[in-house]
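Structure first, then comments.
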Amino acid sequence: LIADTSHELRSPLAVLRTELELADQPGRSQAELAESVRHAAREADRVARLADDLLFLARTDQGGPVVHPVRQPLQPVLAGAVTAAASRAVAKDVRLDLEVDQGLAAPIDADRLRQATDNLLDNALRVAPPGSAVRVRAERRDGMVTVAVSDAGPGFPTDFLPHAFERFRRADPARTREHGGAGLGLAIVEAIARGHHGSAEAANLPDGGAEVRLLLPGA
């Protein structure tokens with residue numbers, strides 16, 4: 001874990017240091033200085049996100065409560081995630097479809113379920129081809145509530161599926177960290193599902209694309 005974390009931190013910290021050194025050079029224009037500050041802030045955000053993700057996973061390892069479920073409707077939580085992802089979807093020419101009954105309620109931690117859904121939407125939008133749709137749905141079945149996010153992308157490599165929820169695993173190892181994340185998104189999704197006393201699944205769809213599901217107790 002320490003080796004993987006160090007590897008993940010190396011790139012944003014190197015960029016952050018470079019941008020700050022450039023900003024400190026004499027003769028830089030106001031526009032150049034502003035650009036360096038923007039780049040440095042973006043890399044600092046990456047480091048902060050990684051730290052937050054690792055802290056959350058460390059807390060789950062320690063067995064402490066990281067999820068605090070309260071019975072409430074799912075629709076506002078999922079709709080909030082879809083709304084937050086809307087501008088990115090428009091930029092990629094991808095449609096976001098939300099399918100959830102207004103009356104569907106379950107014991108959930110709204111903040112953590114939103115975090116999991118945000119992670120899944122982020123992953124789906126990375127691979128969804130232009131003109132396709134990313135689907136977010138929730139339904140009750142056999143006493144469980146399923147929250148699923150699916151896309152029409154290339155799907156998961158077969159050898160990745162058994163390891164989909166492992167930390168620092170990427171479906172595409174060649175994907176850069178800047179554009180592919182640190183490989184913690186699905187690990188956090190699975191930890192949130194377990195915190196609800198549920199589980200998570202990842203699968204390829206028969207007609208192409210992939211789907212990740214959270215199976216949560218419905219009562």
Quick one: side chains of residues 67-82, donor-acceptor pairs under 3.5 Å with protein atoms, not counting sequence neighbours, listed by atom name and distance.
| from | atom 1 | to | atom 2 | distance (Å) |
| --- | --- | --- | --- | --- |
| R71 | NH1 | G218 | O | 3.1 |
| Q72 | NE2 | V70 | O | 3.2 |
| Q72 | NE2 | I108 | O | 3.0 |

(request) Output the rest of the hydrophobic cluster of V90: all Ile, Leu, Val, Met, Phe, Trp and Tyr residues reachable through side-chain heavy-atom contacts under 4.5 Å, sorted by chain and number. (result)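 ILVMFWY cluster around V90 holds nothing else.
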(request) Might you point out which heavy atoms bring A106 and P217 nearest each other, and give the distance in Å? (result)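 Heavy-atom minimum between the residues: CB-O, 4.0 Å.
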(message) Which heavy atom of A85 sits nearest to which heavy atom of L121, and what is that distance?
(response)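 Between these two residues, the closest heavy atoms are CB-CD1, 4.2 Å.
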(request) Return yes when atom NE2 of H197 has more than 12 non-hydrogen atoms of other residues, nucleotides or ligands closer than 6.0 Å, and no otherwise. (result)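 Count not over threshold, so no.
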Hey, what do you get for [atom1] ([X]) to [atom2] ([Y]), rounding to the nearest 0.5 Å?
X    : Y    : atom1 : atom2 : answer
L120 : Q115 : CG    : CD    : 10.5 Å
K92  : R126 : NZ    : CZ    : 9.5 Å
E32  : Q25  : CD    : CD    : 9.5 Å
E211 : R135 : CD    : CZ    : 7.0 Å
F165 : L184 : CZ    : CG    : 13.5 Å

Are the side chains of [Y] and [X] in contact, using a 4.5 Å heavy-atom criterion?
X    : Y    : value
L125 : L96  : yes
I188 : L57  : yes
V145 : L215 : no
R167 : E190 : no
D109 : L113 : no

(message) Assess the residue pair N119 and I192 against the criterion (side-chain contact (heavy atoms from CB on, under 4.5 Å)); give the C-alpha distance rounded to whole Å, side-chain angles, the decisive distance to 0.1 Å, and a yes or no.
(response) CA-CA 11 Å; N119 284 353; I192 290 172; 5.8 Å; no
(message) Has R141 got a side-chain atom pairing as donor or acceptor with T146's backbone, closer than 3.5 angstrom?
(response)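 No; zero donor-acceptor contacts below 3.5 Å.
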Distance-only donor-acceptor hits, side chain of residues 149-156, under 3.5 Å, sequence neighbours excluded:
| from | atom 1 | to | atom 2 | distance (Å) |
| --- | --- | --- | --- | --- |
| D151 | OD1 | G153 | N | 2.8 |

(request) Answer yes when R140 and D101 have at least one side-chain N-carboxylate O distance shorter than 4.0 Å, and no when they do not. (result)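 So R140 does not pair with D101 through a salt bridge.
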